[in-house]
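Bear in mind the structure is a predicted one, so any value in this text is a computation, not a measurement. The residues of the chain are indexed from 1 along the displayed sequence.
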Amino acid sequence: MFKISLPELGWKPFFQQQIALEEAGSHFAVRIVAQHRSQVVTWGAYGEQVLPIALLHKLAEVTVGDWLLINRNNQRPTRLLQRQTLIRRKAAGPAAATQLIAANLDTLFIVSSCNSEFNPARLERYLSVALEAGVLPVVVLTKADLCDDVAHYQRRAAKLRSGLLVECVNALDQTTLEGVSAWCRPGQTIALLGSSGVGKSTLAGALGVSGLATGEVRADDQKGRHTTTRRSLHRLPQGGLILDTPGMRELQLADCEDGVNALFEDVLVDSPCRFSDCTHTTEPGCAVQQAVANGELDSRRLHSYQKLLAEQRRNRETLAEKRQRLKTLGKTYKRIKEVSQQQKNKH
């Protein structure tokens, strides 16, 4: 029977401390390694188990990487352990709902490629999510063998945050993988996040994961097709676990203000503004706007910061709050229109 020890699965003192003494003899822990529409697959010291989603609804919403406690007598899950980290995004649609991507990650490989797909604004989204979750981000630039100036992309990525780790790889050359392999140690959980076609599945395969589909990239726009269709954890020869995620055309932020602020320290710290409620747009005397005018701050960085901050605040709203905001805004527009009409009638 397939077995894997808890430390190999990423078990840490953080999780052990959540188990009461009376639970230790009557329960055992398993980790969710794959999630399907009606069931989840778990691994643990007693092998692989498949649990119906219906059994988990009473616990909480779960995702790949979660730890569950299973009752030894009836083999049913009784509790979801508190997460150490959680990656999530705003779910599709107008509702203020979030989609869980992965839990209890140690490192996030933010994958881009050394071609026209490289997009600093998109990388900033992924970095904000990682920093909000408390996961170590590492930018991995793929397809280095197809680029004449890899250092150009590496410099652009490194500018996104002070001390940001950036690795350039060619999945066909194992010597270029030594940097990323160092993060795949026993007991470590890594996730790959990035757009379709940047080489996530190819990278996972180069690190030792077999059976992952890879697809061609369209020559006209360098975009790829979704080759990974579900999230699942895979064991690595080095001893770690890696999560290959479906490609994301869009990553809408949800309740991510701390992550955005942490990423844009150059806006908040290097160019401190004396006005605590300043929007850094048109306010007279704004130090941030002055820094842009002086060439001390990249205007693209400021625009990206403002855009991401506004987006996450908007997405954080509940549906009721959103309706109330739109209702109030509608009344304001109506009042402005009425005043304008009254002034025209006077003339």
With rounding to the nearest 0.5 angstrom, report the [atom1] to [atom2] distance, [X] to [Y].
X	Y	atom1	atom2	result
I110	S195	CD1	OG	11.5 Å
L192	S201	CG	OG	8.0 Å
R231	L233	CZ	CG	10.5 Å
L51	S38	CG	OG	11.5 Å
E124	R122	CD	CZ	12.0 Å
L69	F28	CG	CZ	9.5 Å

A side-chain contact here means heavy atoms from C-beta on lying under 4.5 Å apart; do [X] and [Y] qualify?
X	Y	result
Y126	V111	no
E132	I87	no
R31	T189	yes
I4	E48	no
L241	Q188	no
L207	Q238	yes
L136	W183	yes
L146	N115	no

Side-chain donor or acceptor of [X] paired with backbone N/O of [Y] under 3.5 Å:
X	Y	result
T107	V135	no
S299	V292	no
Q39	H36	no
N74	R76	yes
R161	A158	no
T142	V198	yes
R235	L9	no
Q174	A206	yes

- request: Let me see the working for V140 and K200 under side chain to side chain contact (heavy atoms under 4.5 Å, CB included), right down to the final yes or no.
  value: CA-CA 10 Å; V140 181; K200 297 189 304 299; over 6 Å; no
Smallest separation among heavy atoms of [X] and [Y], with atom names:
X	Y	result
A29	L6	O-CD2, 3.7 Å
G44	V30	CA-CG1, 4.4 Å
R79	Q18	NH2-O, 3.0 Å
F264	S304	CZ-OG, 3.7 Å
L297	L302	CD2-CB, 4.4 Å
P137	L164	O-CD1, 4.1 Å

Whether over 12 other heavy atoms sit under 6.0 Å from [X] [atom1]:
X	atom1	value
H152	NE2	yes
R300	CZ	yes
K159	NZ	no

message: Determine whether F118 and L141 satisfy the following criterion, side chain to side chain contact (heavy atoms under 4.5 Å, CB included), listing intermediate values before the conclusion.
response: CA-CA 9 Å; F118 182 89; L141 302 178; 3.8 Å; yes
field: Residue pairs involving residues 56-68 (criterion side-chain hydrogen bond (donor to acceptor under 3.5 Å, both in side chains); sequence neighbours excluded)
entry: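 Checked against side-chain hydrogen bond (donor to acceptor under 3.5 Å, both in side chains) - neighbours excluded - the pairs reaching residues 56-68 are D66-R83.
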query: Does a donor on one side chain and an acceptor on the other come within less than 3.5 Å for Q75 and Q49?
result: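 Q75 vs Q49: donor-acceptor pair found between side chains.
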- request: Would you kindly say whether S232 and H234 are connected by a side-chain donor-acceptor distance under 3.5 Å?
  value: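 Side-chain D/A pair, S232 to H234: present.
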Residue pair V129, R89: steps toward the side chain to side chain contact (heavy atoms under 4.5 Å, CB included) verdict: CA-CA 8 Å; V129 169; R89 67 172 176 175; 5.9 Å; no
- prompt: Cluster question for you: counting only ILVMFWY and a side-chain heavy-atom cut-off of under 4.5 Å, with indirect links fine, are L131 and I101 together?
  reply: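 L131 and I101: one cluster.
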task: Give the intermediate values and the outcome of salt bridge (charged side-chain N to carboxylate O under 4.0 Å, His left out) for residues K12 and D106.
output: CA-CA 11 Å; K12 296 177 173 62; D106 298 298; 3.4 Å; yes
- prompt: For the side chain to side chain donor-acceptor pair (under 3.5 Å) test, which of T176, T175, N170 pairs with D173?
  reply: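 Result for side chain to side chain donor-acceptor pair (under 3.5 Å) with D173: T175.
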field: Steps toward side chain to side chain contact (heavy atoms under 4.5 Å, CB included) verdict (T78, H27)
entry: CA-CA 9 Å; T78 60; H27 291 73; 3.2 Å; yes
message: Pair K143, E117 - check salt bridge (charged side-chain N to carboxylate O under 4.0 Å, His left out), show working.
response: CA-CA 11 Å; K143 307 182 182 180; E117 190 279 335; over 6 Å; no
